[in-house]
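Right, one structure below, let's go through it.
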Amino acid sequence: MGLFLQTAVIPDCKEEELRKAVEKLAARSTTDIDPAQCQYRESEAGCAVLFNDGCSGFDELAKKLSGVLEHPVLLLYIYDGDFWGYYFYENKKELDCFNSLPDYFDCSPKERQQCAGDSALLARYFQVEQADIERYIRFWTEDMMEHYEQPAYPGDEFGQCDCWQMADFMRKLGFPYTFGEEA
C-alpha cells in the first residue's frame with residue numbers, strides 16, 4: 001500500500017485553537033481522527049496539522065474543520081504516493097480544489113476543470129505572490145513526467161511530478177513541512 005497523507009494549513013491560526021478544533025471534530029466525526037496522533041506545527045503564517053494514519057475524508061474533512069474554525073482551511077493530501085492535491089474551504093463552503101493528476105480516476109471534462117486550482121485565489125488568502133505558487137498548481141502532463149525530477153521553482157526540494165511537491169508548495173505558502181523532524 002502506498003502513502004496516504006493529509007495535512008491542513010490554517011492561516012492566522014494558533015496551535016491551541018487548532019488542537020481544540022481537531023479534538024472537537026474528532027468527538028463528533030466519522031473521519032477516524034485520533035487527536036493524540038496528530039502533529040502540529042506553528043509558523044508565522046499560522047498553524048498546520050498532520051492528521052494521523054487512517055484518518056479519512058479529504059474534502060469532507062476540510063469542510064468540517066472549516067466549520068469548527070473561524071479560519072479558512074487548506075487541506076493538502078498525497079494519494080497512494082502517486083499524486084497530490086488540495087481542498088480549500090471557508091465556513092463549510094468550498095472555495096477551490098486541485099488534483100495534480102485528475103486522470104488517475106476517470107473524470108469528465110467538467111470534473112477536470114473543477115479540480116484545476118486557482119493560484120490567484122490562494123495567493124490572496126495566503127498573502128503570497130501568485131508567481132511564486134502558480135507552477136505548482138498544474139496538471140501533470142506526459143512531457144512533465146518525462147522530466148519529473150525538474151523542480152517547479154529553483155530551490156525546490158522535489159521534482160515537478162513528485163507527490164512530495166506538496167511540501168514545496170506548503171513552504172511557499174508559509175508553512176514549512178517539518179513533520180517527522182525535531183520541532
Side-chain angles (χ1 to χ4, degrees), residues 1-11 39-51 53 55-59 61-62 72-89 94-183:
M1 183 157 107
L3 172 67
F4 290 89
L5 179 141
Q6 296 182 92
T7 187
V9 298
I10 297 87
Q39 299 176 46
Y40 300 85
R41 295 291 186 272
E42 204 170 307
S43 69
E44 288 183 27
C47 194
V49 57
L50 175 65
F51 291 99
D53 286 341
C55 179
S56 60
F58 297 125
D59 60 331
L61 180 57
V73 173
L74 179 66
L75 184 126
L76 300 112
Y77 64 88
I78 292 177
Y79 186 89
D80 203 17
D82 292 332
F83 64 91
W84 74 277
Y86 66 74
Y87 290 95
F88 189 43
Y89 276 82
E94 183 179 298
L95 302 177
D96 190 28
C97 71
F98 171 69
N99 176 332
S100 61
L101 199 57
D103 296 329
Y104 189 87
F105 301 105
D106 290 331
C107 69
S108 69
K110 181 181 178 182
E111 291 169 322
R112 185 178 171 87
Q113 183 57 37
Q114 290 172 333
C115 68
D118 184 344
S119 60
L121 174 79
L122 291 179
R124 284 192 307 275
Y125 269 87
F126 287 87
Q127 300 177 5
V128 297
E129 294 295 322
Q130 181 180 357
D132 292 339
I133 62 170
E134 65 190 358
R135 285 190 245 163
Y136 298 120
I137 305 173
R138 293 184 176 168
F139 295 144
W140 293 348
T141 64
E142 285 186 35
D143 183 56
M144 288 171 69
M145 288 184 190
E146 288 177 13
H147 303 92
Y148 69 91
E149 71 285 342
Q150 181 180 349
Y153 293 93
D156 282 353
E157 186 175 348
F158 303 98
Q160 64 186 346
C161 292
D162 184 330
C163 64
W164 280 104
Q165 180 187 51
M166 177 196 81
D168 290 327
F169 176 62
M170 285 176 62
R171 182 176 41 80
K172 290 283 181 85
L173 293 177
F175 297 86
Y177 188 95
T178 57
F179 299 107
E181 299 174 11
E182 290 291 315

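Heads up: numbering here begins at 1 and tracks the sequence.
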**Item:** Any M170 side-chain heavy atom under 4.5 Å of L173 side chain
**Value:** no
**Asked** Shortest non-hydrogen contact from P72 to Y125?
**Response** CG-CD2, 3.8 Å
**Item:** Verdict with reasoning, Y177 to M166, per side-chain contact (heavy atoms from CB on, under 4.5 Å)
**Value:** CA-CA 9 Å; Y177 188 95; M166 177 196 81; 4.2 Å; yes
**Asked** Of all heavy-atom pairs between Q130 and S119, which one has the smallest distance, and what is that distance?
**Response** NE2-OG, 2.9 Å
**Under 3.5 Å: donor-acceptor pair, side chain of D80, backbone of G2** = yes
Enumerate, atom names and distances included, each donor-acceptor pair closer than 3.5 Å involving a side-chain atom of residues 140-150, sequence neighbours excluded.
| from | atom 1 | to | atom 2 | distance (Å) |
| --- | --- | --- | --- | --- |
| W140 | NE1 | Q160 | O | 2.9 |
| T141 | OG1 | M144 | N | 3.1 |
| H147 | ND1 | D143 | O | 3.2 |

**Item:** Neighbour count >12 (heavy atoms, 6.0 Å) for atom CG, D53
**Value:** no
**Request:** For the pair F88 and F126, name the ring-plane relationship: parallel under 30°, tilted 30 to 60°, perpendicular over 60°.
**Result:** tilted
**Approximate separation, where rounding is to 0.5 Å, of F51 CZ and L5 CG** = 10.5 Å
**Message:** With a 3.5 Å distance limit and no angle check, can you tell me whether T7 reaches the backbone of V49 through a side-chain donor-acceptor pair?
**Reply:** yes
**Prompt:** Out of curiosity, C163 SG to F158 CZ, how far, rounded to the nearest 0.5 Å?
**Reply:** 8.5 Å
**Prompt:** Crowded around E94 CD? As in, over 12 foreign heavy atoms under 6.0 Å?
**Reply:** yes
**Request:** State whether the side chain of S43 and the backbone N or O of G174 hold a donor-acceptor pair below 3.5 Å, judged by distance alone.
**Result:** yes
**Request:** For the residue pair N99 and Y77, establish whether any side-chain heavy-atom pair is separated by less than 4.5 Å.
**Result:** yes
**Prompt:** Y153 side chain to R135 main-chain N or O, any donor-acceptor pair under 3.5 Å?
**Reply:** yes
**Request:** Report the C-alpha distance between F4 and Y79 in whole Å, list the side-chain angles of each, state the deciding distance to 0.1 Å, and finish with yes or no for ring pair (Phe, Tyr, Trp, His ring centres under 6.0 Å).
**Result:** CA-CA 5 Å; F4 290 89; Y79 186 89; 5.0 Å; yes
**Considering all heavy atoms, the nearest A62-L75 contact** = CB-CB, 3.7 Å
**Request:** Assess whether atom CD of Q39 is packed by more than 12 heavy atoms of other residues, nucleotides or ligands within 6.0 Å.
**Result:** yes
**Asked** Considering residues at least two apart in sequence or located in another chain, which fulfil the side chain to side chain donor-acceptor pair (under 3.5 Å) criterion with D162?
**Response** none
**Request:** Indicate yes or no: at least one non-hydrogen side-chain atom of L50 is less than 4.5 angstrom from one of R41.
**Result:** no
**Request:** Enter the distance from F175:CZ to F169:CZ here, rounded to the nearest 0.5 Å.
**Result:** 11.0 Å
**Message:** Show the nearest heavy-atom pair for residues L74 and L122, with the distance to one decimal.
**Reply:** CD1-CD2, 4.3 Å
**I137 to G117 - nearest heavy-atom pair and separation** = CG2-CA, 3.7 Å
**Request:** May I ask you to check if K172 and Y136 form a cation-pi contact, with NZ or CZ under 6.0 angstrom from the six-membered ring centre and within 45° of the axis?
**Result:** no
**Flag side-chain contact, heavy atom, 4.5 Å: Q114 against E111** = yes
**Message:** Strictly distance-based, threshold 3.5 Å: is any side-chain N or O of D96 a donor or acceptor partner for the main-chain N or O of D118?
**Reply:** yes
**Message:** For the OG atom of S100 and the OH atom of Y86, what is their distance to the nearest 0.5 Å?
**Reply:** 11.0 Å
**Complete:** Taken to the nearest 0.5 Å, the spacing of C97 SG from F58 CZ works out to 13.0 Å
**Asked** Do F83 and P102 have side-chain heavy atoms sitting under 4.5 Å apart?
**Response** no
**Interatomic spacing from CD in Q165 to CD1 in I78 - rounded to 0.5 Å** = 10.5 Å
**Prompt:** Any side-chain heavy-atom pair from C47 and I10 closer than 4.5 angstrom?
**Reply:** no
